[in-house]
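Structure, as structure tokens:
Everything numeric in this text was worked out from a predicted model, so none of it was measured.
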Amino acid sequence: MGSGYRRVSDGNKQKNIGPAAEANLTLATHPKPWRSLHLKFLALNLGGIIVFAAILFAIWEYVAFRSENSKLEKKLDEVAAIQSSILAVPVWNLETDRVELILESILRDEDFIAATVTDELGQTLATRGTATGDRLHTTTSSIDFSGGDGVKVLGELTLVATQARTYAAATKRLLTDLFVVCLLMTASVLASLLAFHRYINSPLRHLLDAINQIKTHQTRKEIQWDSNDEIGIVISEFNDMQKRQERFEQDLKDARDSLERRVRERTATLEKTNQNLQSEIAIRIKAEAEVKRLALEDSLTGLPNRTHFLSRLNDALAQSNRTGRQVGVMLLDLDKFKNVNDTLGHPAGDQLLKAVSERLVECARETDTVARLGGDEFAIVVTNIRSSHDAMVLARRIVDRLSEPIPIEDRKVVTGASVGITIFPDDPGTSAQLLRNADLALYRAKDNGRGTFHLFDEALNAEVQARQSLEEDLREAFEKDDLYIEYQPQIDLANGKVIGAEALMRWRHENRGMVSPGEFIPIAEATRMIIPMSRWLVKTVCRQIKQWQSQGWTNPRVSVNVSPLHFKQRSLPEEIDQCLREFSLPPQVLELEITEGMVMFGGQDMVEMLNRVKDLGVGLSIDDFGTGYSSLNYLKRFPVDRLKIDQSFVRDIESDWADATICSAIIRLGHSLNLKVIAEGVESKEVLKFLCKHDCDEVQGFFLSRPLSAQDFTAYMKQYDAGTTFELFQSCRPAAIPAPMQSQMPDLNTTHRPWPPSSRR
């Protein structure tokens, strides 16, 4: 063992101690003052003296007090007897003033506090003082009058004395006696201490110092003490024991040095191994902590992730089952997050998500759980609510807070949130079902205009079930090739010719009948079925164009509505080029219709895609122009060929001056940018007349023809007379226009009357 360790005895066991424990042993050899032997002896000795002295002192003081008390009682009786004889004459003569003077003279003595004189009938003649307080003595003496008829009792004198002065004197004497006793006891204690220190404490102190030297390895000195008593014998034996111990310690030191050398070698090896092990453990602990954090926490915002959120939600549902309190589940996403990513970049989007997460935590309570499920989708578990009103109050606070501008890269970004809410147990189900309910409510909030919230109900669930059923039927119809295409003719107002058609996808359900595109197209986009459906549409249109060419129609132009999802596919230009090559078609026969929203928020990728499509020679048109953003910037930047005025502006153009103004403005705008303008939804001659008057380039609508199947469209083309149609257009124009090249065809107004407006696509 090392030089810093020694082996000591502990009962029947041996143990090693180090320097710290050795210091404790050193202190133990010097007992604390209140534990020393001479003080214990002194305490026993003095205890007996104090008890004996206290008993004698108490007896002495008690006897002295009783003596003083007896003196007071004797004085009271003597004064009462004397004053009774003095009061006899005044009482006999009923001189109350003199009686009162005598009583006052009695009370001049501090021992007396009250005096009363009563007549023989017990009535008070005079009284002085008040008999109040403790330790009172009372005596009564009769007032007698000696006359010729003998002794006559005239009344009584009552005196009340207090022991206050007696107690004061006794207390003073007590303190004096106590002081004297303390002096005597102090002297006795000092004498005892000196004697005990000389014959007992001093030799024991020497012995303890020697033991302490042994423990601390100091130079050992032989204890010098000349005495034949028990303490002297102990000291002599201790000196002999020291000599034997020196020999044993030398042998032990040699063995210890050898052992310490081996221990040091082994310790160095173990320390190196321990360091390597601790390093590996630290790395493993850090890795496990990081894995756990990533498993339960969103790396960007620090909020709980989906796994952690579901765990918290399950705990909240279990607590709700026990307590009966309701739990709200909120699902929300940002309304304009994609715009921020596209315009400011993904780092700005990350900053926005962090700011939104902070605001959500501010709005929620400490007991609620705010989590990020992915992208711009967040979820909140609202615990211990009394009704759905509490959840809606929180949802309103969140919507209002997130509608406030958020500073991002020296800009004020204005976003918003839509919130879907479901309440447990009003809406029973598992955590997955509750999230589904909240998701349904979220989509309803978006349909209601965004920037609001919606509470889940069973009607919404039934609507979703119907939507799912329709989705399954649509998938089955597409797989069975039950979808078909109708073509609505497009007429050139300059010459009255059919220059092309718009291809419209149709679905006739075996049970529901005709399903509106407004119903099944959003479902197809939500399930991404729209991508293969759009590919099928383009390929089918190309096949039909090829067939019309074989029937003699030279280069007809067909417009195809392209889904935003399909347009984002980078392979779209290659797919269109492949279709054109497959059917040996020139690119100008195909035109893609895209919406304003696709153009506005497509970013640089949209510019690249439009240019790639335009490089193929395929036409591009903006569908439903005027209903979106109507930005002049993208009309200048992007290679579009045609603007299509939405039918919502065209339909009531003859009766609504605002629609008329908008249409004429769009026509002038398109022409100023060298763009063709086509109006859809032409359903009356008045509308057609207005469009001709304002030089619209092309039209389509029920007044000219409803959407037709490919076979009916072929028949329509055979019967169509551009000359008759041109005459109709000429009558609508304010000035004369040269006659068309073709004639001898039936009148369009009698041959192709418009179908009811309710049949609009």
Side-chain angles (χ1 to χ4, degrees), residues 481-508 533-562 575-593 616-619 621 641-642 644 676 678 680 682 697-729 739-755 761:
D481 201 18
D482 288 344
L483 300 179
Y484 63 95
I485 301 174
E486 288 186 341
Y487 301 88
Q488 186 171 32
Q490 295 176 337
I491 311 298
D492 188 345
L493 292 181
N495 52 31
K497 291 183 178 181
V498 177
I499 56 173
E502 180 182 5
L504 304 172
M505 194 180 302
R506 294 292 187 257
W507 177 25
R508 185 182 299 277
M533 290 170 61
S534 183
R535 289 170 179 162
W536 169 82
L537 175 63
V538 172
K539 189 170 185 178
T540 304
V541 166
C542 290
R543 182 183 295 110
Q544 184 60 50
I545 293 174
K546 184 64 177 178
Q547 183 177 351
W548 283 334
Q549 284 183 342
S550 64
Q551 295 174 358
W553 189 14
T554 305
N555 296 332
R557 185 193 72 205
V558 180
S559 300
V560 179
N561 289 279
V562 180
E575 294 174 2
I576 295 176
D577 185 56
Q578 182 179 355
C579 284
L580 295 174
R581 292 178 181 275
E582 180 180 353
F583 296 102
S584 301
L585 296 175
Q588 60 269 22
V589 301
L590 190 64
E591 182 177 77
L592 303 184
E593 292 189 3
L616 296 176
V618 175
S621 67
D641 302 298
R642 187 173 282 98
K644 176 177 280 190
K676 294 286 188 178
I678 180 172
E680 63 178 348
V682 178
D697 299 302
E698 302 166 0
V699 292
Q700 68 180 79
F702 287 174
F703 182 72
L704 303 171
S705 174
R706 64 176 177 83
L708 304 171
S709 65
Q711 183 178 359
D712 292 341
F713 188 87
T714 303
Y716 174 83
M717 290 297 298
K718 292 179 180 180
Q719 299 177 6
Y720 182 78
D721 184 355
T724 304
T725 306
F726 183 77
E727 292 176 1
L728 172 65
F729 296 162
M741 294 185 299
Q742 298 184 17
S743 59
Q744 308 297 326
M745 294 299 293
D747 188 359
L748 181 64
N749 288 322
T750 58
T751 306
H752 299 287
R753 296 301 298 169
W755 277 261
R761 64 178 178 92

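For the pair Pro707/Arg506, a side-chain contact is recorded, criterion being any heavy-atom separation below 4.5 Å from C-beta on. In this structure, the side chains of Lys539 and Phe583 come closer than 4.5 Å at one or more pairs of heavy atoms. For the pair Pro586/Gln549, a side-chain contact is recorded, criterion being any heavy-atom separation below 4.5 Å from C-beta on. Side-chain contact between Phe702 and Gln488: present, with at least one pair of heavy atoms (C-beta onward) separated by less than 4.5 Å. Residues Thr714 and Leu708 are not in side-chain contact: their nearest non-hydrogen atoms beyond the backbone lie 4.5 Å or more apart. The closest side-chain heavy-atom distance from Lys644 to Ser621 is not below 4.5 Å. Side-chain contact between Leu616 and Leu590 is absent, with no heavy-atom pair separated by less than 4.5 Å.
In terms of the salt bridge (charged side-chain N to carboxylate O under 4.0 Å, His left out) criterion, Asp712 has no residue partners (sequence neighbours excluded). Checked against salt bridge (charged side-chain N to carboxylate O under 4.0 Å, His left out), Asp577 has the following partners two or more places apart in sequence or in another chain: Arg581.
The environment of Gln588 atom CD is dense: over 12 non-hydrogen atoms of other residues, nucleotides or ligands sit within 6.0 angstrom. Other residues, nucleotides and ligands place more than 12 heavy atoms under 6.0 Å from the CD atom of Gln551.
Between the side chains of Gln700 and Gln490, at least one donor-acceptor pair of N or O atoms lies under 3.5 Å.
Contact detail for Tyr487 and Ser709: the closest heavy-atom pair is CD1-C, 4.4 Å. Considering every non-hydrogen atom in both Trp536 and Asp481, the closest pair reads NE1-OD1, 3.7 Å.
Distance check, rounded to the nearest 0.5 Å: CD1 of Ile545 to CG of Leu585 gives 6.0 Å. Here the NZ atom belonging to Lys676 is positioned 4.5 Å from the CG atom belonging to Asp697, to the nearest 0.5 angstrom. One distance of note links CZ of Phe703 with CD1 of Ile491; it measures 11.5 Å at 0.5 Å rounding. Put simply, CZ on Arg535 and CD on Gln578 are 10.5 Å apart, with the number rounded to the nearest 0.5 Å.
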Evaluate side chain to side chain contact (heavy atoms under 4.5 Å, CB included) for Trp548 paired with Met717, printing each intermediate quantity in order. CA-CA 10 Å; Trp548 283 334; Met717 290 297 298; over 6 Å; no
Between Trp507 and Leu483, is the side chain to side chain contact (heavy atoms under 4.5 Å, CB included) condition met? List the steps. CA-CA 5 Å; Trp507 177 25; Leu483 300 179; 3.4 Å; yes
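With Val618 as reference, Leu580 is the one residue of Asp641, Val589, Leu580 to meet the side chain to side chain contact (heavy atoms under 4.5 Å, CB included) rule.
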